[in-house]
Amino acid sequence: MTDLIDSNALACSGRALPADLQARNVRRWGWWYQAEWRLQNMRAYWSAMLGASVLTPLVYVLAMGLGLGTLVDASAGGVDGMPYLTFVGPGLLISTVVMSAVEEMTYPVMEGFKWRKLYWARATSPGSATQVALGELTAVTIRLLAQGLAFWLVLLAFGVAGPGSWPMVVVGALAGMAFGAPVMAFAATREDEGNSFSLIQRFVVMPMFLFAGTFFPLDSMPWYLQWIGWISPMWHGNQVARVFAYGLPLSAWQIAGHVAFLAVLCAAGAALGVPTFVRRLGR
């Protein structure tokens with residue numbers, strides 16, 4: 001990445017690379033330039049991100065540990081043989097990250113196409129629409145990893161999770177992109193936001209949050225509601241995260257199945273989203 005580093009250094013010094021070298025760098029590193037712009041753009045709502053990353057887990061831990069968790073532990077002796085907070089903590093990490101992915105892949109994508117039209121500006125450079133899409137996926141993945149890490153550190157500080165449970169952070173980002181990438185592909189098809197994003201929040205995200213095993217095991221629900229968890233990235237992420245958090249007894253095949261489900265959704269979302277960006281941006 002020597003050319004990329006030199007470009008940044010020159011930009012900071014007030015000098016500029018020759019036009020042909022700039023074009024070569026964009027053709028090579030355009031996906032990262034897009035990701036870098038997106039990450040810098042997130043600073044406009046850093047306080048909301050800080051709240052989601054730090055204050056939200058604090059509120060959840062206090063509510064579940066001192067409130068609902070105390071009642072569940074006293075009446076049922078916990079869940080899966082664990083204190084309720086230990087059970088629910090990984091699920092809250094996964095669900096929070098997944099919901100953040102939806103937020104990042106709806107209105108910000110509409111902004112790039114419709115309101116500020118910055119995707120069009122990037123696509124008219126020597127870069128490509130494919131790089132725009134890949135840059136968006138890269139930036140949001142980094143954001144989800146950071147949020148998951150902050151959430152995990154709160155769980156670690158309160159003794160809800162141990163140091164060896166850090167893979168939950170990666171699982172959270174994977175689950176987030178398993179839903180976020182398809183949502184990006186959908187958002188890229190929209191000429192006008194209408195009420196489609198609100199419908200996704202109301203009729204897809206919230207049912208997942210409530211019925212995907214975040215607050216109680218999926219098999220404790222009526223059979224006619226369990227399918228919501230089966231097709232939900234949240235449930236698959238929850239199961240794997242709980243393996244790392246407290247050793248949920250799953251076989252290697254079950255873990256592989258959960259991870260494969262999430263990976264397939266990520267790949268499908270990217271496979272649908274990239275051509276949509278190319279079709280709309282024209283190259």
Side-chain angles (χ1 to χ4, degrees), residues 29-54 56 94-125 127-151 172-206 208-209 233-234 265-266 268-282:
W29 301 109
W31 63 274
W32 175 248
Y33 291 147
Q34 175 66 28
E36 190 175 36
W37 167 81
R38 183 74 140 83
L39 290 169
Q40 291 176 349
N41 196 48
M42 290 178 186
R43 293 184 301 178
Y45 47 96
W46 68 268
S47 58
M49 291 173 55
L50 180 64
S53 301
V54 179
T56 296
I94 299 297
S95 61
T96 301
V97 171
V98 170
M99 288 189 286
S100 294
V102 176
E103 294 172 0
E104 292 289 353
M105 291 304 197
T106 48
Y107 290 103
V109 173
M110 180 65 68
E111 177 186 52
F113 279 114
K114 179 183 177 183
W115 298 316
R116 297 178 67 187
K117 299 184 183 296
L118 290 174
Y119 291 164
W120 302 92
R122 177 72 69 188
T124 57
S125 75
S128 66
T130 297
Q131 291 178 328
V132 174
L134 294 179
E136 291 293 282
L137 293 170
T138 300
V140 175
T141 299
I142 293 172
R143 184 255 203 262
L144 299 183
L145 285 169
Q147 180 175 1
L149 177 62
F151 203 124
L174 179 61
M177 294 310 297
F179 196 65
V183 168
M184 184 193 79
F186 171 75
T189 67
R190 310 301 296 170
E191 297 289 344
D192 187 88
E193 67 278 17
N195 60 0
S196 57
F197 298 155
S198 297
L199 292 176
I200 289 174
Q201 289 284 353
R202 185 172 301 174
F203 295 109
V204 181
V205 176
M206 288 311 299
M208 280 200 308
F209 181 56
M234 281 189 190
L265 285 180
C266 287
L272 292 172
V274 170
T276 304
F277 272 70
V278 172
R279 184 171 62 254
R280 289 197 66 178
L281 299 177

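Note that the numbering runs from 1 along the sequence shown for the chain.
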Q: Answer whether the closest heavy-atom distance between the side chains of Val205 and Phe179 falls below 4.5 Å.
A: yes
Q.
Are Lys114 and Arg190 packed together at the side-chain level, in the sense that at least one heavy-atom pair is separated by less than 4.5 angstrom?
A. no
Q | Distance, nearest 0.5 Å, that separates CZ of Arg143 from CG of Leu145 | A | 11.0 Å
Q | Minimal non-hydrogen separation, Val274 against Leu134, with atom names | A | CG2-CD2, 4.2 Å
Q.
Less than 4.5 Å apart, side chain to side chain, heavy atoms only: is that true for Met99 and Met208?
A. no
Q. Given side chains that start at C-beta, do those of Thr96 and Phe151 come closer than 4.5 Å, heavy atoms only?
A. yes
Q: Taking all heavy atoms of Pro233 and all of Leu265, pick out the closest pair and write down the distance.
A: CG-CD1, 3.8 Å
Q | Atom pair CD/OG1 of Glu36 and Thr138 - distance to nearest 0.5 Å | A | 12.0 Å
Q) Hey, are the side chains of Leu144 and Ser100 touching, using non-hydrogen atoms and a 4.5 Å cut-off? A) yes
Q. What closest approach, in Å, do Ala101 and Gly176 show between heavy atoms, and which atom pair accounts for it?
A. CB-O, 3.3 Å
(Q) Tell me the closest heavy-atom pair linking Met105 and Gly180, and the distance in Å. (A) CG-O, 3.3 Å
Q: Verify the distance criterion only: is there a donor paired with an acceptor across the side chains of Gln34 and Arg38 at less than 3.5 Å?
A: no
Q.
Give me the atom names and distance for the closest heavy-atom approach of Asn41 to Glu111.
A. ND2-OE1, 3.7 Å
(Q) Measuring only between side-chain heavy atoms, which start at C-beta, is Met184 closer than 4.5 Å to Met177? (A) no
Q: Could you tell me which residues satisfy side chain to side chain contact (heavy atoms under 4.5 Å, CB included) with Glu191, sequence neighbours excluded, listed by chain and number?
A: Arg280
Q. Minimum heavy-atom separation for Pro275 to Ala271, with atom names?
A. CD-O, 2.8 Å
Q | Reference residue Gln131; test side chain to side chain contact (heavy atoms under 4.5 Å, CB included); the match among Trp32, Trp31, Tyr33 | A | Trp31
Q) Tell me, which pairs form a ring pair (Phe, Tyr, Trp, His ring centres under 6.0 Å) where one or both residues lie in residues 100-125, sequence neighbours left out? A) Tyr107-Phe197, Phe113-Tyr119, Phe113-Phe277, Tyr119-Phe277
